[in-house]
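Remarks on the structure that follows.
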Amino acid sequence: MMREGQAHTVYRADYQAPAWWIETVDLTFDLDPAKTRVLNKMRVRRNPDVPAQPLHLNGDELNLARVLVNGAGTSFKMEGSDLVLENLPEGSEPVDLEIFTTCVPEKNTKLMGLYTSNGSFFTQCEAEGFRRITYFLDRPDVMAMYTVTLRASKALFPVLLSNGNLVEQGELPEGRHFAKWVDPHKKPSYLFALVAGNLVAREQKIKSRAGNEHLLQVYVRPGDLEKTEHAMNSLMASIAWDEARFGLSLDLERFMIVATSDFNMGAMENKGLNIFNTKYVLASQATATDADYANIESVVGHEYFHNWTGDRVTCRDWFQLSLKEGLTVFRDQEFSMDMAGSPSARAVKRIDDVRVLRTVQFPEDAGPMAHPVRPDSYVEINNFYTVTVYEKGAEVVRMQSELVGREGFAKGMKLYFERHDGQAVTCDDFAQAMADANPGSPLAQHLAQFKRWYSQSGTPRVAASGTYDASAQTYTLTLSQHCPATAGQPSKEPFVIPVTLGLVGADGSQLPVVIRATEGLSAFANSATSHTVVLTQPTQTIVFEGVAQESTPSLLRNFSAPVVLEMDYSDSQLRHLLAHDADAFNRWEASQRLGLRIALQNIAARANTASADITDSALDANILPTPYIEAMRAVLRDPLLDAAFKDLALTLPSEAYITEQLDSVDPQIVHQVREAMRQQLATDLAADWAWAYEQCSNTGAYAPDAVSSGKRALAGHALLMLCVAARASGDKVWPGKTLQRFKDAGNMTDRYNALSALVVSGSELAPHALQSFHAMFKNDELVMDKWFALQAGAPDVDGSALPAVRALIKLPDFNIKNPNRARSVIFSYCSGNPGGFHRADGAGYAFWAEQVITLDDFNPQVAARLARALDRWKKLAEPYRTAAGEAIAKVAAKPKLSNDVREIITQAMNH
Ligand code: B3K
Ligand code: ZN
C-alpha cells in the first residue's frame, strides 16, 4: 500500500509485458449521474510468454459490488486500489470474468473517467482514466475488442454513443432506451469513449478514394449546430489529405466528433468517437477569430490523423507517448501547411510553430521539468503531455523526414504500418522503419546516434563562425555543438543535427552552393543554392568553394533542427538577411535577432538598477537605433511581402523568449525594455502603421483563408501600434477610430483586435468597449473566455493587474470548475501577463499558490498545469526569487497534495 503523499515513480527500464491479455470486453452501462452501474464481462487469457502471475486489475474510485469467474463467485483481494485475482484457473484456456461496479459521474470533478457536463455524460480515458470506469488492465499494450451497451432515460439522454458501429437500439420499460455499439477494431482502454445526452449532429456522407461510404457526424448542444460547418469541413479535408499524402483511409463506417465545454485539454482521439473541447469545434465569423478557425482545422486534423498514428498503431507504454504525439503533431503541421497553400503562408505556419517551440519548449528543456522526448521515469503520466513530447517530438520526426526526403518519409510510413498495424510499439520501432525503408540515407547511416534525440533532454547549441578567403574564393564555416546539462542528465553525447544552409551574396543574390567533399562530412543538396549539412561531431568545418563575392551565410534554414544557433552576425548582416534571404523563415529570424540584441543590450545596461527605480520615462525614448527602425519600415512597406509575414517580422521577441536568454532575470526590467521598444516602434513608424492599416483593413466577405487572415492580423497589429503611439502623443483620433472599428466589425477577428488594441494600449475607451462586448456576448461561453482572458492579461498600471484578476474571479460568470474559464483568467494572468504577475511584493506568486491549492482539491490535472507557471523561478533575481520560493513552499506544505502537483513542485524545488 502507498502511504498518502508518497508518490511512486514509474521507470521505463522496468517495463514488462502484461501477464494476461484481455481478448474481448462487453460493457453494459446503466447511466445515472448519481450512480452509474457498470457490468464488465471480459474474456482474459494468460500471456504464455510471461511466468504465471495473479491478475492485477487497475481501479480508481470505484465501488465494487461483485466479481464472478467463469460464472461462479471467487475470492479476491485489494492492493491499494487494484483488484487482485489470485486463484484463476491455470493453463492457456480463456477465463470469463464478470465485474460489477458503480461510480458517481456527477461528482467526478477531475474530468477523468465518466463525468457529466451540462447534463450530458462524457468520458476521458487517456492516460489512465478507464480504471475510473471499471477494473481493467489499464495500459496501452493490452488491446481488446469492445462491445458496449448503453441504457439511460430516453427523455434526458436521447443520444447514446460509443466507439465503432451502432448495431442495435430500442426502447426499454420506464421511459428508458438502449443502444449497442461494436467496435470492429481492437484497441487499448485509453481509446474507449461513451457520450450520452441531449445533442444534435451535423451530418455528412462521403465516399473515400477507395469507394467506401462513410457517415461523418459533429455532435453539439442544440443551438450550436450552425457553428459546426468549419469543423466538418476540416474533418473532410483531413480525411482527403491523409489519403492523398500517405494513402491512409478511414477504416470506419462512421466517424463522430462530440463537443463538450468541460474538458481538461483540447480534444481526444477515441476510436471513431473523438471528444473535443467546444473551443476546437464551434466557430462562426461573429464569434470566432481567424486563430480559432486555424486551431479548429489543426486540432480536427490532429485527432483524425491519430486514427492511424495512435489508434491503429499505438504505444507500448506511456514512455513512448511521443511515438503517437510527436508523429501526429508533425502530421497536423504538414496538413495545415498544405492547406495554407502559398510558400509564404507555409513559412508563416512554420514560424508560428517555431515560436511555440522556442518560447515554451526550450524553457521546459532548460528547467526543472526537463525530460527527453521519450522520458525515463514519471510519477504522474499526465504531467508528461508536454511541449517536449509533442512539439519537440514533432521536430524529431521532421528531422527524420529531412534526412530521408519527402518520398522517403512516405515509404517509411508505409513500412511502419506494414510491420506494426494493430500493435503497441516503441519510438525505436518507428525510427527503425524509417531507416529500413531508406537504406543509404543519412538517417540509416547515423540511426543509433540520431536516436539520442529521443533519450537526451536539453536544447543543443550550435556555435557557428566563418571566414571568407577572397583569393581562394572559399568560405569556411565552423560549426560546434554542445548541449548543456539538464535536470538528471549531467553530460550529453553529440547529436545528429541537420543544418540547412545557403549563402546570400553582398548583392543580395543567392549564391550557388558547392561544398568541398571532406571525409566524415555528410551533406546533400536541396537545390543549387541550398544544401543540408548533417552534423555528427562536436566540431565540423565546411568549406564552400567558388564563392565569388563576400557573402552572409543563411544557417538553419526553415529551422532545420530544434537547436539554438549562436552566430555572431553583425547588425548589417542581419539587415541584409532580413532584406534578401530566399528562406522566409530566416528573414523573420533576422528580424528577431535584431530585436533581441537591442533588448539584451538595454537589459544589461540596466542590470545594476533595481526595477522598482526605473520608470517608463527613465527609459530612453530612443531605444531603437535608426537602421533598425528603417529596416522595419522597409519590411512594413515592402510590396512583395505578405501581410501575415509582416505582422510576424514586426512583432518583437516575447518576454518569455528574451527571459530565456538571461541567466538572472528581473522580469520588470524585461517588461519595461520591451514596452519601450514597442512604444518607439509605434511612434516612429506611426505613418507607416496608418498606411498598413488602410491597405489591410478591408478584407471583404469573411473567409478564414491565409491571405485574408494575414491582412486582418496586420490591420489589428497596426491598430494596436497606432493606439500605443496615441498613448504617448495624446492623440485621440486613432483610439476613436479603433472604437468605431470595434463597433462596426463584421467578424470577431476585427472586433477582437480592435478591443484588444484599446485594452492593451490602456486607452480610456477600453472600459466602455469591454462593457459593450460583454453585453453582446454574455451568453456565449467561448467568447466570454476571450473577454476574461483579455482583462486578465491587461497591462499593469501601478499594480492594477492583480486586483483586476481578483475582481474577475468574483464575477458570477466566473466558474473555476470549468477548465476553459479557469485558464482564461488564472492562466492568462500567471503565464500570460509577466508585467502584472511578477510583483516585487510577491502578491502575484501568493495568488498563484492559492489557486494551485484550490484547483488541486477537485482537478489535479489542471492544477498541475498551473503549477508549472513558476518552473523558471530559480532564474529570477531578488526580490522575486525569494518570494517565488515562498509561494512554492506554501503549495508543497498543503496536506493531501495530488501526485500531479507534488511531482511538479518537487522538481521545481530540487532542480
Ligand atoms: N491524446 C490526447 C491527450 C490526452 C491527455 C491526457 N492527459 C489528445 C491529443 O494529443 O490528441
Ligand atoms: Zn495527440
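Start at 1 and go down the list; that is how both ligands and their atoms are numbered.
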Could you check whether the rings of Tyr390 and His302 sit parallel, tilted or perpendicular, using 30° and 60° as the cut-offs?
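Correct class here is parallel.
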
Take the angle between the ring planes of Trp241 and Phe246 and call it parallel below 30°, perpendicular above 60°, tilted in between.
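Judged by the thresholds at 30° and 60°, the geometry between Trp241 and Phe246 is perpendicular.
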
Quick one: angle His306 NE2 - the Zn ion (ligand 2) - His302 NE2, to the nearest 10°?
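So the angle at the metal works out to 100°.
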
Looking only at protein heavy atoms, which one is nearest to [atom], and what is the separation?
atom	value
atom 7 (N) of ligand 1	Asn382 OD1, 2.8 Å
atom 1 (N) of ligand 1	Glu126 OE1, 2.5 Å
atom 3 (C) of ligand 1	Tyr390 OH, 3.5 Å
atom 8 (C) of ligand 1	Ala267 O, 2.9 Å

Please work out whether any backbone atom (N, CA, C, O) or any side-chain heavy atom from C-beta onward of Glu380 is under 4.0 Å from ligand 1, and answer side chain, backbone, both or neither.
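Glu380 to ligand 1: no contact under 4.0 Å from either part.
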
Calculate, to the nearest 0.5 Å, the distance between atoms CZ and CG belonging to Phe559 and Leu357 respectively.
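If I round to the nearest 0.5 Å, the distance is 5.5 Å.
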
Value rounded to 0.5 Å, distance of CZ in Phe409 from CZ in Arg245:
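Output value for this atom pair is 8.0 Å.
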
Atoms of ligand 1 close to [X] [distance to a heavy atom under 4.0 angstrom, numbered from 1]:
X	answer
His306	9 (C), 10 (O), 11 (O)
Lys324	1 (N)
Met268	1 (N), 2 (C)
Glu269	1 (N), 2 (C), 8 (C), 9 (C), 11 (O)
Met265	4 (C), 5 (C)
Glu325	1 (N), 9 (C), 10 (O)

Gln861 to ligand 1, any heavy atom closer than 4.0 Å:
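Yes, Gln861 has heavy atoms under 4.0 Å from ligand 1.
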
Can you check whether Gln124 has an N/O within less than 3.5 Å of an N/O in ligand 1?
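No, no N or O pair falls under 3.5 Å.
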
Output yes when the distance from some N or O of ligand 1 to some N or O of Glu303 is under 3.5 Å, and no in every other case.
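So ligand 1 has an N or O lying under 3.5 Å from an N or O of Glu303.
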
Qualifying side chain to side chain donor-acceptor pair (under 3.5 Å) pairs with a residue from residues 861-871, counting only residues at least two apart or across chains:
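Qualifying pairs: Glu364-Arg868, Arg868-Asp871.
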
Contact summary for Thr228 and Val220, nearest pair of heavy atoms
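It is CG2-CG1, 3.5 Å.
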
Tell me every residue that passes side chain to side chain contact (heavy atoms under 4.5 Å, CB included) with Ala294, counting only those two or more places apart in sequence or in another chain.
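Testing Ala294 for side chain to side chain contact (heavy atoms under 4.5 Å, CB included), a comparison that skips the adjacent residues, returns none.
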
Any N/O/S atom, side chain or main chain, of Glu325 closer to the Zn ion (ligand 2) than 2.8 Å?
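Yes, since at least one N, O or S atom of Glu325 sits under 2.8 Å from the Zn ion (ligand 2).
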
Could you tell me whether a side-chain N or O of Asn899 sits under 3.5 Å from a main-chain N or O of Val379, the two making a donor and an acceptor?
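No: the side chain of Asn899 does not pair with the backbone of Val379.
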
Kindly indicate whether a cation-pi arrangement holds for Lys110 with Tyr115, taking the cut-offs as under 6.0 Å to the six-membered ring centre and within 45° of the axis.
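The answer is no, since Lys110 fails at least one limit relative to Tyr115.
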
Partner of Leu161 by side-chain contact (heavy atoms from CB on, under 4.5 Å), out of Leu194, Ile275, Val258:
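For Leu161, the side-chain contact (heavy atoms from CB on, under 4.5 Å) test succeeds with only one of Leu194, Ile275, Val258, which is Val258.
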
